[in-house]
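First up is the structure itself, then whatever we jot down about it.
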Amino acid sequence: MLAELFAVMAPVLAGAGLGFLWVRLGQPYPVDFITRLVFNIGTPALVLASLSGANIDAGTFGQMMLATALVIISMGAASFVVAKLLRRDWRVLIAPMMYPNTGNMGLPVVLYAFGSAGFAYGITVMVTVSLFQFTLGAVLSSNGSPIKTLLKTPTVYAILISMALLLTDTPLPLWLANTVDLMSGFTVPLMLITLGVSLASIQVKSLRSGVGFSLIRIPLAAAAAWLIAGWLGLPPLAQSILVVQMCMPVAVFNYLFAQRAKREPAYVASLVFCSTLLALVYLPILLALLM
């Protein structure tokens, strides 16, 4: 399992390392342009490419979506306490608390650990997290009118379309499926390289704070997911996958939101970086307990 886990996280570390070295070598990097490109084109294409062909029945989707939503809301409420403990603005910490990397990291781990039987649960968690992140997250990161920001966020429409396709078992036309698959290819690499660019300016103090944040967040997320899944009576497999997915490292998208809102993006980058490194330690332990 450790080898498979490292295989999942190695591209994350490599992409961030490339961005780090690029800036350290004195090369220019247009962060604002890349952020707009990823948000407005790459991410909607990635959502459609990832979710439109997933095989999930409506009952499973609804039950797991409710459980995930309750965990996200619980983590959002806990962020106010964590912000006081760490002496940070709650607006900086609320997104990293609520939105783990359930997509490009969480889904491979779920597939390796639980097989195809659990993959539908993992997909549902990712859909729910994405829906919250690109609606509530877009509003919280807005410097202007939240409603206008929400209406101008293409990923929101991509999520709604994907959900409709999932629930009606309707595939995308082949030409459109091929197009969004091609356009989605640059999204994750650019996200990771941009993360590395920000990491180039991180101070050691921020790294210590990032480790401290992760040591607080992971137990809270595990406890919230386990208790809520038990309360709703989810099957054991679904309960385990909810715990694993909500304990994933801080999603890279949180850094892009912080970059767009100008809310301590370097600090948020340290949270992403530290939580990803710590996942090498805690995820094998967590999976050993749940499998």
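We're numbering straight along the sequence, starting at 1.
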Q: Evaluate the side-chain contact (heavy atoms from CB on, under 4.5 Å) criterion for residues L93 and Y267: first the C-alpha distance (whole Å), next the side-chain angles of each, then the deciding distance (0.1 Å), finally the verdict.
A: CA-CA 10 Å; L93 290 184; Y267 174 69; 3.7 Å; yes
Q: Taking all non-hydrogen atoms of both residues into account, name the closest pair between A251 and V272 and its distance.
A: O-CG2, 3.7 Å
Q | Considering all heavy atoms, the nearest C274-G210 contact | A | CB-C, 3.7 Å
Atom pair [atom1] ([X]) and [atom2] ([Y]), whose distance is rounded to the nearest 0.5 Å:
X	Y	atom1	atom2	result
L85	S79	CG	OG	11.5 Å
F186	I34	CZ	CD1	8.5 Å
Y99	F132	OH	CZ	7.5 Å
I72	M97	CD1	CE	12.5 Å
R217	M75	CZ	CE	4.5 Å
I228	M246	CD1	CE	8.5 Å

Q.
Walk me through whether F273 and V250 qualify under side-chain contact (heavy atoms from CB on, under 4.5 Å).
A. CA-CA 8 Å; F273 182 73; V250 175; over 6 Å; no
Q | Verdict with supporting geometry, I218 and Y282, side-chain contact (heavy atoms from CB on, under 4.5 Å) | A | CA-CA 9 Å; I218 298 307; Y282 72 78; 3.5 Å; yes
Would a 4.5 Å heavy-atom cut-off, applied to side chains only, mark [X] and [Y] as touching?
X	Y	value
M248	L283	yes
C247	L286	yes
F213	P96	yes
Q239	L290	no

Residues in side-chain contact (heavy atoms from CB on, under 4.5 Å) contact with [X], at least two apart in sequence or another chain:
X	answer
I216	V82, L86, L220
L237	F114, A117, Y121, I241
P219	none
W175	P173, T179

Q.
Please determine whether side-chain contact (heavy atoms from CB on, under 4.5 Å) holds for the pair L70 and L232, giving the CA-CA distance in whole Å, both sets of side-chain angles, and the decisive distance to 0.1 Å.
A. CA-CA 10 Å; L70 291 176; L232 292 177; 4.1 Å; yes
Q) Picking from V129, V110, T128, T124, what satisfies side chain to side chain contact (heavy atoms under 4.5 Å, CB included) with Q245? A) V110
(Q) With a 3.5 Å distance limit and no angle check, can you tell me whether W22 reaches the backbone of P28 through a side-chain donor-acceptor pair? (A) yes
Q | N40 side chain vs R36 backbone, donor-acceptor pair below 3.5 Å | A | yes
Q. What pairs with D89 under side chain to side chain donor-acceptor pair (under 3.5 Å), at least two apart in sequence or on another chain?
A. R91
Q: Could I get the full list of ring pair (Phe, Tyr, Trp, His ring centres under 6.0 Å) partners for F80, not counting sequence neighbours?
A: W90
Q. Is L215 reachable from V243 through a run of I, L, V, M, F, W or Y residues, each pair having side-chain heavy atoms under 4.5 Å apart?
A. yes
